[in-house]
Amino acid sequence: MHVRDFQEMMHRLYYHKDSRRSVKDTYDWLLDEVEELGDALQHRSKEELEKEFADVFAWLASLANVVSVDLEIAALSKYNNKCPKCGCLPCECLP
Ligand SMILES: [Zn+2]
């Protein structure tokens with residue numbers, strides 16, 4: 001499955017709900033899920049981590065759907081086998 005396929009699946013599953021919510025509210029849901037991922041990184045099992053990563057990815061896709069951004073195009077336009085800052089693979093930017 002490609003990123004676009006996942007985003008389209010999220011559209012089929014949730015767009016009817018996501019489109020009725022404000023962009024800000026969808027963004028806030030994403031932030032809540034990122035916070036839960038942060039907690040999971042501190043204390044949880046790998047299984048819990050996987051669930052939280054899935055939630056963050058799902059809400060990121062939902063937010064992208066609401067604002068009509070194709071995540072696959074956006075990601076590969078910026079990160080296409082090279083660092084967007086130094087242009088190298090692997091990245092050679094100073095820390
Ligand atoms: Zn770099």
Side-chain angles (χ1 to χ4, degrees):
M1 178 181 270
H2 292 269
V3 172
R4 177 173 293 127
D5 299 326
F6 183 83
Q7 186 173 352
E8 286 173 359
M9 179 185 69
M10 294 304 295
H11 193 284
R12 289 191 300 276
L13 281 168
Y14 296 116
Y15 189 74
H16 65 291
K17 293 181 179 181
D18 293 336
S19 61
R20 289 195 300 250
R21 188 184 313 109
S22 72
V23 171
K24 173 73 166 73
D25 285 348
T26 303
Y27 175 73
D28 287 344
W29 272 105
L30 172 61
L31 291 182
D32 287 345
E33 294 301 339
V34 170
E35 192 169 310
E36 289 179 17
L37 173 60
D39 291 342
L41 288 167
Q42 302 292 321
H43 310 292
R44 306 259 172 80
S45 66
K46 182 164 183 185
E47 183 181 349
E48 290 296 321
L49 273 177
E50 289 173 348
K51 289 178 182 174
E52 297 304 335
F53 271 104
D55 287 342
V56 168
F57 194 50
W59 278 99
L60 182 66
S62 284
L63 182 59
N65 281 333
V66 169
V67 296
S68 301
V69 167
D70 184 315
L71 275 178
E72 188 168 298
I73 288 175
L76 291 177
S77 292
K78 185 164 186 181
Y79 296 93
N80 194 5
N81 284 311
K82 62 184 180 187
C83 170
K85 289 182 182 172
C86 68
C88 296
L89 174 68
C91 170
E92 295 179 5
C93 295
L94 297 174

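Each ligand, and each atom within it, is numbered from 1 in the order the structure gives.
- More than 12 heavy atoms of other shown residues, nucleotides or ligands fall within 6.0 angstrom of atom CZ in Phe6.
- A distance of 8.5 Å separates CG of Leu76 from CG of Asn81, quoted to the nearest 0.5 Å.
- Side chains of Asn65 and Gln7 form a contact here, defined as non-hydrogen atoms less than 4.5 Å apart.
- For the Zn ion (ligand 1), protein N, O or S atoms under 2.8 Å: 4 in total.
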Would you be so kind as to tabulate the donor-acceptor pairs closer than 3.5 Å made by side chains of residues 20-34, with sequence neighbours excluded?
unit_1	atom_1	unit_2	atom_2	d
Arg20	NH1	His16	O	3.4
Arg21	NH1	Asp18	OD1	2.9
Arg21	NH1	Thr26	OG1	3.1
Arg21	NH2	Asp18	OD1	3.3
Ser22	OG	Asp25	N	2.9
Ser22	OG	Asp25	OD2	3.4
Lys24	NZ	Asp28	OD1	2.9
Lys24	NZ	Asp28	OD2	2.9
Thr26	OG1	Ser22	O	3.2

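- Arg44 pairs by the side chain to side chain contact (heavy atoms under 4.5 Å, CB included) definition with Ala40, Glu48, Glu52, not counting sequence neighbours.
- Among residue pairs with one or both ends in residues 81-95, none qualify as salt bridge (Lys or Arg N to Asp or Glu O under 4.0 Å); sequence neighbours excluded.
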